[in-house]
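Letters A, B, ... are given to chains in the order of the sequence lines, protein chains preceding strands, and every chain is numbered from 1.
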Amino acid sequence: MMPLHMEYVKPGGLAEAVSLLRQDDACALAGGTDVVVQMREGKLRPRLVVDIKGLAELQGITGQSGGVWVGALVTMAEIVKSPLLQAYRAVVQGAGCMGCCEIRHRATIGGNVGNASPSGDAAVPLLVFHPQVVIHGPGGQRHLPLANFFRGAGKTVLQPGELIKGFLLPPPPAFSLYMRHTRVKGMDLAGVSLAAAIDRQGQVTVSMGAVAPTPTRFPQVEELLSGRPLSWEVIAQAAEVLSAAITPRATSLRATPAYKKEMAKVFLHTALSRALEEGFGQ
Amino acid sequence: MNYTITLKVNGRTVQRDVPAHLTLLEFIRSGLQLTGTKHGCGNGECGACTVIMDGKAVRACLILAVEANGCAVETIEGLVESPLAPFAGELPGAVTGTGHSHPEINGASPVGEGVGAGLHPIQRAFLAKGAVQCGFCTPGMIMAAKALYDRNPNPDRAAVVEALGGHLCRCTGYQPIIDAVLAVQTE
Ligand SMILES: Cc1cc2nc3c(=O)[nH]c(=O)nc-3n(C[C@H](O)[C@H](O)[C@H](O)COP(=O)(O)OP(=O)(O)OC[C@H]3O[C@@H](n4cnc5c(N)ncnc54)[C@H](O)[C@@H]3O)c2cc1C
Ligand code: FES
Ligand code: FES
């Protein structure tokens, strides 16, 4: 049941939004595709819903010193169509598989990251691009690597009154790919997912979804793969290290830990084979 | 606490007071008594509640009515260009009722001369291809198809499958629906 006594405000500016969000039991509302579901399920009972969709500072995709600025309110449908973001293929793929058309028209990147699901299909691929999260709050603005943003399933570093303004992506890597496994062909959340990127210097970045409480990177795997030609031996070794590094919880609804550990190997293998096919990683 | 919202529904301006917790779906069905839009799962999963908001197909069960303030909403009732639009007359003021009545629409059928006359081309295609069984998914399917045709007058099968990808149908097995959407004649 929806919280019957909640109030609603749509602030016209960032300062007003911040002061509203400082109040007890206030909740930011972007596309609402998580918020409304969680309210109906009784998991979220805000006293005040702050609709941030009117905030111009949180909109838009623009080029910025070789990289790209992505506002928190940018929707999955916008990401899929954005010419600037095509060079960040993994996040376009993640956005493209989220929910369905109607969900992608509403679901925002700030909402996906703010919701901090272990399997967020925008959050997991975003990680391999080393973005900075730009946070606006009562103390002004601060930047933070996305990898340091998540604190647990559904938990982030955001303090009362703070909002994600957007994401600053450094110049794109040479190669990136996102893959996810779902139980059904239709709409489903990822049971396990992996993103990989290779930059022009041969640095490899790997992240996974639904194998830990948060979307997670794997430095030990990245180190093994970086700065050397990707031979089948190295890939196989890295796949074993990745598989051993993950400890998925046994209570997951969508896949058993053993299955996720196998899929980690399959996904890493597939991603890096694809890179080699496309002429990267040699 | 109630909030006054003003929006366009099927081309007409509507102004109402709604509580913050009311969804757009509840507003459309109970407030405006436009019961063509269906309540299936209520959780964004099935597509039965799909309407077009500012040109985009969206799930009315995931949107608060207050969020639709200032927007243009199209429902299945808006597809039939006829004076039979259910809320042509006086609208019930309350928005929290159960809304089981169909003012105006009970009396007359929108079908004029021959089956499907007066209907939207997508609706006629659904009839022609036998794409309707129980009909519960149909308004959502048709609104998703309309949003697709509004931006792409010549969709291929892949585009249709993509547009309907989040819509569940318990009856037809989907093929007749996809065939119907592909068969729509746009003049
Ligand atoms: C049917 C269905 C299918 C789905 N399928 C998928 C899927 O395949 N993959 C997937 O990853 N997700 C899926 N989701 C979940 C959801 O759509 C995504 O997580 C989406 O990106 C959330 O964005 P939103 O704008 O709707 O967020 P909201 O629901 O508005 O917000 C989500 C959370 O983030 C916070 N928030 C929002 N914006 C900001 C901001 N700028 N700053 C700080 N906090 C903020 C909110 O307070 C809230 O806690 C699905 C949901 C539904 C209903
Ligand atoms: S009722 Fe909205 S998607 Fe099922
Ligand atoms: S016709 Fe019955 S659900 Fe589709």
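Residue with the most contacts toward chain B among Glu102(A), Met39(A), Lys53(A): Glu102(A) (heavy-atom pairs, distance under 4.5 Å). The candidate from Glu45(B), Lys56(B), Met53(B), His167(B) with the greatest count of non-hydrogen atom pairs under 4.5 Å with chain A is Lys56(B). Of the listed residues His5(A), Met187(A), Arg106(A), Arg104(A), the one with more heavy-atom pairs under 4.5 angstrom with chain B than any other is Arg106(A).
By the 6.0 Å contact criterion, CZ on Arg183(A) is enclosed, its count of non-hydrogen atoms from other residues, nucleotides or ligands being greater than 12. No more than 12 heavy atoms of other residues, nucleotides or ligands sit less than 6.0 Å from atom CZ of Arg170(B). By the neighbour-count criterion of 12 heavy atoms within 6.0 Å, atom CG of Asp156(B) is densely surrounded, having more than that number from other residues, nucleotides or ligands. For Lys10(A), the NZ atom is densely surrounded, since the number of other residues' heavy atoms within 6.0 Å is greater than 12.
Among all heavy-atom pairs drawn from Tyr3(B) and Tyr8(A), the shortest one is OH-N, 2.8 Å. His21(B) and Met2(A) get closest at one heavy-atom pair: O-CE, 3.5 Å. Residues Cys100(A) and Gly166(B) share a closest heavy-atom pair of CB-CA, 3.5 Å. Closest approach of Cys101(A) and Ala163(B) over heavy atoms only: SG-CA, 3.8 Å. The shortest heavy-atom contact between Ala20(B) and Glu7(A) is CB-C, 4.3 Å.
Distance alone, capped at 3.5 Å, is enough to place a donor-acceptor pair between the Arg40(A) side chain and the Cys61(B) backbone. Using a distance-only test at 3.5 Å, with no hydrogens or angles considered, a donor-acceptor pair links the side chain of His105(A) to the main chain of Ala57(B).
Qualifying salt bridge (charged side-chain N to carboxylate O under 4.0 Å, His left out) partners for Asp121(A), counting only residues two or more places apart in sequence or in other chains: Arg180(A).
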I'd like to know whether Asn43(B) forms a side chain to side chain contact (heavy atoms under 4.5 Å, CB included) with Glu41(A), so could you lay out the CA-CA distance, the side-chain angles of the two residues, the decisive distance to 0.1 Å, and finally the verdict.
CA-CA 9 Å; Asn43(B) 255 341; Glu41(A) 288 171 347; 4.1 Å; yes

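Taking non-hydrogen atoms and a 4.5 Å limit, the residue list of residues 64-72 of chain B in contact with chain A, ordered by number, reads Leu64(B), Val66(B), Glu67(B).
Residue Leu62(B) is tested with Asp34(A), Val35(A), Val37(A) for a side chain to side chain contact (heavy atoms under 4.5 Å, CB included); the sole match is Val37(A).
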